[in-house]
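Some notes on the structure that comes next.
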Amino acid sequence: MCCASTSRSMPRAERTSLKDHYPMRIHHILCGAFLLGTAAPAHAFEFEDAGMTIGITPTISSDYLFRGVSQTRDRPAVQGSIDIQHTTGFYVGAFISNVAFLGTNARQEVDAMAGWRTTIAGVSIDLGGIAYTYPGYSNPAGSGLYDLQYFELAVKASYEVSSAPMPIKVLAAFNYSPNYQLETGNSFYVEGGLEIGLPHDLTLAGRAGYQWIQNNTRWGAPDFANWNVTLSYKFSDFVFTAGYYDTNLSRSGCFGAQKICDARAMISLSRTF
């Protein structure tokens, strides 16, 4: 979810394709996003004696968006996630994707996450941490590049409105990093959304979030908002998603006037094993 300062490109977050759909995934989206759900994967390998459930989700996508910003410079992404959850609610997981940040040699992102999921008074809660890493990326002394790797604490919650005439889920998330990407200091991200179950295995979803970053000059962009509307269709163990994504970042304020913050459509196909 990288971003750019004067010497680099931008980033991930809503890591949106897989990350928006991860935890499952941390979405996906993941992005993943992983990426607001708090339950274990619907289709997964179950090991009753060990009390564990394992879900594996490969995804192909026309782009990789993190909090509305392209992580692949508007190019397709091939991604995968794994989620391992114990009956106690504790889980670990991982997410991998190709990336392309202008001015860097970063070509892949590998994230690791761990946490605990539970339900209190009908509210599904996910308390965890996410480490974002970029194997192979180098920032030698004197290069003017900063570290891409960072860590976030994440709190996610969802609530299903049982009184509604159709399935409606209310989503919320909060992420905090003590030293965000490119060594930009404290960052805070909040997001809210809705998912509406429709006939014929369709799901309509919408999300909106806001990102605050301490050192905007080094980051390469001001604090910003992002939003998206998606329609997903589930068939067999596959999910096809098409969506509209946008931010309030102008071209001039987007990591050295790049086109990675513009409004766009994105499609993805994933399958959970």
Side-chain angles (χ1 to χ4, degrees), residues 1-16 19-20 22-23 25-27 30-36 64-71 92-97 99-116 126-156 172-191 209-226 247 249 253-256 258 260-261:
M1 349 249 136
C2 159
C3 195
S5 67
T6 54
S7 61
R8 62 179 71 238
S9 99
M10 146 98 184
R12 164 179 132 29
E14 230 175 354
R15 279 173 187 177
T16 284
K19 290 186 168 183
D20 289 351
Y22 188 79
R25 183 191 153 16
I26 111 183
H27 352 280
L30 325 124
C31 228
F34 164 235
L35 39 147
L36 292 178
Y64 169 22
L65 302 181
F66 183 69
R67 296 169 188 168
V69 180
S70 176
Q71 307 297 289
V92 295
F95 169 86
I96 185 170
S97 177
V99 296
F101 303 142
L102 184 66
T104 79
N105 64 351
R107 294 296 178 266
Q108 57 272 328
E109 174 184 334
V110 178
D111 303 339
M113 63 281 308
W116 179 64
D126 184 332
L127 307 175
I130 310 164
Y132 304 97
T133 73
Y134 301 86
Y137 167 73
S138 59
N139 56 333
S143 66
L145 300 177
Y146 296 95
D147 196 0
L148 294 179
Q149 301 184 135
Y150 66 103
F151 173 81
E152 282 188 328
L153 296 173
V155 179
K156 298 183 284 290
F174 173 78
N175 292 53
Y176 166 73
S177 175
N179 193 19
Y180 196 57
Q181 194 170 49
L182 301 179
E183 304 171 48
T184 49
N186 292 313
S187 78
F188 304 87
Y189 181 74
V190 294
E191 183 177 272
Y210 198 88
Q211 176 76 67
W212 290 270
I213 300 168
Q214 183 176 357
N215 191 334
N216 296 100
T217 301
R218 181 178 293 179
W219 172 241
D223 299 339
F224 67 97
N226 74 93
T247 75
L249 289 170
C254 178
F255 310 101
Q258 296 185 69
I260 58 177
C261 307

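What you see is a predicted model, and the numbers here were worked out from it, not measured in a lab.
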Q) Taking the side chain from T247 and the backbone from C261, do they hold a donor-acceptor pair closer than 3.5 Å? A) yes
Q. Do you know the tightest heavy-atom contact between A173 and K156?
A. CB-CG, 4.1 Å
Q: Check whether any side-chain heavy atom of L182 lies under 4.5 Å from a side-chain heavy atom of L148, and answer yes or no.
A: yes
Q: Take W212 and V190 through the side-chain contact (heavy atoms from CB on, under 4.5 Å) test and state the conclusion after the steps.
A: CA-CA 9 Å; W212 290 270; V190 294; 3.6 Å; yes
Q: Please report the shortest heavy-atom distance between Q214 and G185, naming the atom on each side.
A: OE1-CA, 3.4 Å
(Q) If you apply the rule side-chain contact (heavy atoms from CB on, under 4.5 Å), what do you find for D147 with N179, and how did you get there? (A) CA-CA 10 Å; D147 196 0; N179 193 19; over 6 Å; no
Q) Do E152 and Y180 have side chains that get closer than 4.5 Å, going by heavy atoms? A) yes
Q: Drop me the distance from T133's OG1 to F151's CZ, to the nearest 0.5 angstrom.
A: 13.0 Å
Q | E183 side, atom CD; N215 side, atom CG - distance, nearest 0.5 Å | A | 10.0 Å
Q. Within a strict 4.5 Å, meaning less than it, do heavy atoms of the L102 and I260 side chains meet?
A. no
Q) Between the main-chain N or O of G136 and the side-chain N or O of R107, is there a donor-acceptor pair closer than 3.5 Å? A) no
Q. Minimum heavy-atom separation for Q181 to Y134, with atom names?
A. NE2-OH, 3.2 Å
Q: Decide yes or no for V69 and F224: does some side-chain heavy atom of the first lie under 4.5 Å from some side-chain heavy atom of the second?
A: yes
Q: Find the distance between CZ (R218) and CD1 (I213) and round it off to the nearest 0.5 Å.
A: 12.5 Å
Q.
Contact between F188 and F174 at the side-chain level, heavy atoms closer than 4.5 Å - yes or no?
A. yes
Q: Carefully, step by step, assess Y176 and N186 under the rule side-chain contact (heavy atoms from CB on, under 4.5 Å).
A: CA-CA 7 Å; Y176 166 73; N186 292 313; 2.7 Å; yes
Q) Is a donor on one side and an acceptor on the other found under 3.5 Å between the side chain of Q108 and the backbone of P135? A) yes
Q. Roughly how far, to the nearest 0.5 Å, is CG of D223 from OG of S187?
A. 10.0 Å
Q. Minimum heavy-atom separation for S97 to Y64, with atom names?
A. OG-CD2, 3.4 Å
Q | G253 to A221 - nearest heavy-atom pair and separation | A | O-CB, 3.3 Å
Q: Would you name the heavy atoms of N175 and A154 that are closest together and state the gap between them?
A: ND2-CB, 3.8 Å
Q: Step through it carefully: locate the ring centre of F101, locate the ring centre of Y137, and say whether they are under 6.0 Å apart.
A: no
